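A short write-up of the structure that comes next.
None of the values given here were measured: they were computed from a predicted structure.
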Amino acid sequence: MKKEFNRTFNCVSDHKKYDLVDGVFLGDLDGPLKALIRRDFPKATNEDFICSGHLVHYRLLKMDQMIAKDYRQNNKLNRKLTRVMEKDAYQMVDVREQLENSLTFGQKIADAVAHFGGSWPFIISFVAVMVFWILINTFHWLGFNFDPYPFILLNLFLSMIAAIQAPLIMMSQNRSSEYDRLESRNDYHVNLKSEEEIRVLHSKIDHLIQQDQPNLLQIQKIQTEMLGSIESQVSELRRLQQYFEKKEKMEEHDET
């Protein structure tokens, strides 16, 4: 009841008297803001009064602390992300280009033979040569009969081609296996580096969602409270102005 009749209160900060509309009681403030005030005035209680001018100072201080905290956390995540992106423990390479530049003349021949031996032109041409060989030696075309049935010379040539072609194909397959190993190793390091970068980016996004956005909402809330306090003071000043204008008119009317 005392608060209702006594409309002036001493500010906990400067100990000057202010009207009730010019401030608030500490009990009406949120916890972090009261903690800032009690840091400077440890004996302050919820029944103490603080004027709007000093309350604005503490609200701005609270916003500065929240912004500084977010700034430090963002800088920490940015430095961590920069270290990950600049990490040169493994340089990504073009495996195909590296292998092609290291090919010897024999390896190039082996690759060419394996490439031609596994193509339709080789199959068609090989079948055509065999059919032509058999027809010449069977029907004595052009007067040739150098390899009669059972075509022993043809079997010898086929065995020689198979004996030569098989190692060349195996050499080419070994090159392919080596390429696959290098490619898988390169992919592993690329995936490892990408995973580390994605993990840091996730941390940054989580920080933005879980901390930055709530802090921004809290800052907006503080700004809204400050605007509401200013609006209340303006309304009180307007009411006092109307009161004094009305009182002045009444005095002028009494004089007349």
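Between Cys11 and His54 the shortest side-chain heavy-atom distance falls below 4.5 Å. Counting heavy atoms from C-beta on, the side chains of Phe151 and Asn137 come closer than 4.5 Å. Within the 4.5 Å cutoff, the side chain of Phe157 has no heavy atoms near those of the Met130 side chain. Residues Tyr149 and Ile134 are not in side-chain contact: their nearest non-hydrogen atoms beyond the backbone lie 4.5 Å or more apart. Annotation: side chain of Leu29 is in contact with side chain of Ile37 (closest heavy-atom distance under 4.5 Å). When side chains are defined from C-beta on, Phe126 counts as touching Ile161, because their heavy atoms get closer than 4.5 Å.
Distance check, rounded to the nearest 0.5 Å: CZ of Phe9 to NZ of Lys17 gives 9.5 Å. Here the CG atom belonging to Leu158 is positioned 10.5 Å from the CE atom belonging to Met160, to the nearest 0.5 angstrom.
Side-chain atoms of Asp28 never come within 3.5 Å of backbone atoms of Val24 as a donor-acceptor pair (strictly under, hydrogens ignored).
Take Gln65 and apply the side chain to side chain contact (heavy atoms under 4.5 Å, CB included) test, not counting sequence neighbours, and it matches Leu36, Arg39, Leu61.
Among Leu55, Ile50, Leu33, the one residue that satisfies the side-chain contact (heavy atoms from CB on, under 4.5 Å) test with Leu26 is Ile50.
Met170 and Phe122 are not part of a single hydrophobic cluster, where members link through side-chain heavy atoms under 4.5 Å apart. Cluster annotation: Trp133 is not connected to Ile152 through the hydrophobic network of ILVMFWY side chains, with a link wherever side-chain heavy atoms come within less than 4.5 Å.
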*Give the intermediate values and the outcome of side-chain contact (heavy atoms from CB on, under 4.5 Å) for residues Asn46 and Lys34.*
CA-CA 9 Å; Asn46 291 337; Lys34 284 192 292 186; 3.6 Å; yes
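For the residue pair Ile164 and Pro167, the shortest heavy atom distance occurs at O-CD, 3.2 Å. Phe116 and Ser125 get closest at one heavy-atom pair: CZ-OG, 4.5 Å.
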